[in-house]
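Worksheet: one structure, shown below.
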Amino acid sequence: MLAASTSSHLGFMLLAIGAGYPGAAAAHLLAHAFMKSSLFLGSGIWQQAYGKTSFAAISNSAKKFTTSYILFAIAAIALSGIPPLIGYYSKDAVLAAGLKSDSEYWYFVAAAMGALLTAFYMGRALQLLRQPADSTPKQVVGKKIMLAGMGTIIAIVLGGGFILKPVVKFMHLKMPHSTTAIITGLIVAVAGLLTGWLVFNKAFKGKWAEFIRDNYQVAGGYHNLVVLPVMKLSEAAFKLEKVIRKIVFIIGDFFYSLSKTIFKLDEYILQLIKGIGNSNLRLSRLSRVFDESGIEETVIALADFIRGSGRQGRKLQSGMVHREMMWSMIGFTCFMIIMIFLNL
């Protein structure tokens, strides 16, 4: 019940934001935090004592745990919106926000219905906790500490409404005010509490009661409309993740192999370059040995010989006719002698 109530009041805050008054939502957020903390602390004491959370098991808590029940009741009445408790100020701010919104009738009616239902189930819970229980409570460990914490929070619930508006103003927000909202809030709070208190032993029957107990299920409810689609989506995402992971690993392996091949090729090229460098170094050393062994002097001497032979050849060409004729006869005579010897 308390968990569902928390969801309900989160919707209450969102309604105020939708109406254009985030200050009202902020006020109810603060007030709701203290009221619901008190309620959960009280239920925690009874859960520890009885080991269960159903009303049938813990319903005798009002008699067995009187102090915690009184503190729980103060928080429940505050959540219903009874003055001067903190919930009265924040709830009326939300009602006023709904009344001042552009869609004032729908927002205001929704807020008033939420306030009425809150008071109703709080009144019913307080009466159910006064009935005989199916089980016997045991000693609660740390009960005094929990009661001390609960009492501290209840002190804020009792007097926090007077500082709620300055706190919201400090946040640079404002809480709307409306006399109609105040009167309506008081009416629905009192009506809800009295109705819930008086019908505690009436069992709700019929299709509407079943519809409410099943958490207002339409088309299979939350399970079919939200849980199953999300599960299907998560399964599809998981399969897609496996495929993507496989592709990533394949690509990773490919580039890893490619990098290994490139690394080996780099080593081969490096060795080749190193070999060429060593060969050039050896050739340079051999060339230096040849230079040091006199090859350069030999080449120079050969060039000088050819140059000298050329000079001597130029001397044979004096330009004198009788000398040229003499050398011609000498050459012809030598040629004839060679031919005679060859024929013999």
Side-chain angles (χ1 to χ4, degrees), residues 1-39 73-126 153-154 156-198 212 216:
M1 183 199 70
L2 294 179
S5 171
T6 301
S7 299
S8 170
H9 281 266
L10 287 174
F12 216 53
M13 300 169 205
L14 290 175
L15 187 146
I17 294 173
Y21 289 91
H28 196 63
L29 174 66
L30 295 172
H32 180 264
F34 293 109
M35 295 183 292
K36 197 56 65 68
S37 297
S38 305
L39 294 171
I74 294 172
I77 294 171
L79 190 66
S80 300
I82 298 297
L85 305 178
I86 192 169
Y88 161 76
Y89 297 95
S90 64
K91 180 204 66 177
D92 284 347
V94 175
L95 287 172
L99 194 61
K100 293 176 179 291
S101 68
D102 295 335
S103 305
E104 57 180 285
Y105 296 109
W106 289 105
Y107 275 61
F108 181 69
V109 170
M113 287 299 298
L116 177 65
L117 289 174
T118 296
F120 174 78
Y121 61 68
M122 282 292 101
R124 182 172 171 80
L126 292 175
I153 299 173
I154 287 296
I156 300 175
V157 172
L158 288 170
F162 300 103
I163 62 171
L164 196 59
K165 189 173 182 178
V167 171
V168 174
K169 187 177 180 180
F170 179 77
M171 299 166 66
H172 302 288
L173 299 171
K174 62 179 181 178
M175 294 172 58
H177 178 78
S178 170
T179 304
T180 304
I182 294 174
I183 296 172
T184 304
L186 285 173
I187 291 173
V188 296
V190 174
L193 283 171
L194 289 176
T195 305
W197 181 272
L198 295 174
I212 294 171
Y216 311 97

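Hydrogens, waters and symmetry mates play no part in the numbers below; they use all other heavy atoms, side chains included.
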So, for Ala181 and Phe108, which heavy atoms are closest and what is the spacing to 0.1 Å? CA-CE1, 4.3 Å

Side-chain contact test, heavy atoms from C-beta onward, threshold under 4.5 Å: evaluate it for Leu85 versus Met35 and give yes or no. no

From Ile74 atom CD1 to Leu79 atom CG, the distance as rounded to the nearest 0.5 Å: 14.0 Å

Test log, rule side-chain contact (heavy atoms from CB on, under 4.5 Å), inputs His9 and Thr118: CA-CA 9 Å; His9 281 266; Thr118 296; 3.1 Å; yes

Say you draw a straight line from CG of Leu15 to OH of Tyr21; how long is it, rounded to the nearest 0.5 Å? 13.0 Å

Taking side chain as C-beta onward, heavy atoms only, is Leu10 less than 4.5 Å from His32? no

Assess the side chains of Lys100 and Ser178: does a donor N or O sit below 3.5 Å from an acceptor N or O? no

Kindly give the heavy-atom pair with the smallest separation between Ala189 and Ile82, and that separation in Å. CB-CD1, 3.7 Å

Tell me whether the count of non-hydrogen atoms from other residues, nucleotides or ligands lying under 6.0 Å of CE in Met1 goes above 12. yes

More than 12 heavy atoms of other groups within 6.0 Å of Phe34 CZ: no

Would you check if Leu117 and Val188 make a side-chain contact, meaning some heavy-atom pair closer than 4.5 Å? no

Closest contact, heavy atoms only, Ala31 versus Ile86: CB-CG1, 3.7 Å

Minimal heavy-atom distance between Leu39 and Met122, with the atoms involved, is CD1-SD, 4.2 Å

State, to 0.1 Å, how close Ala78 and Val157 come at their nearest heavy-atom pair, and which atoms those are. CB-CG1, 3.4 Å

The single option from Thr180, Leu186, Ile187 passing side chain to side chain contact (heavy atoms under 4.5 Å, CB included) against Thr184: Thr180

Any side-chain heavy atom of Ile182 sitting closer than 4.5 Å to one from His177? yes

Review item, side-chain donor-acceptor pairs of residues 87-99, under 3.5 Å, at least two apart:
from	atom 1	to	atom 2	distance (Å)
Ser90	OG	His28	ND1	2.9
Ser90	OG	Gly87	O	3.3
Lys91	NZ	Gly81	O	3.3
Lys91	NZ	Gly185	O	2.9

Least distance between heavy atoms, Leu173 atom then Gly23 atom: CB-CA, 3.7 Å

Verify the neighbour count for atom NZ of Lys36: are there more than 12 heavy atoms of other residues, nucleotides or ligands below 6.0 Å? yes

Check whether Ser8 reaches the backbone of Ala4 with its side chain - one donor and one acceptor, N or O, closer than 3.5 Å. no

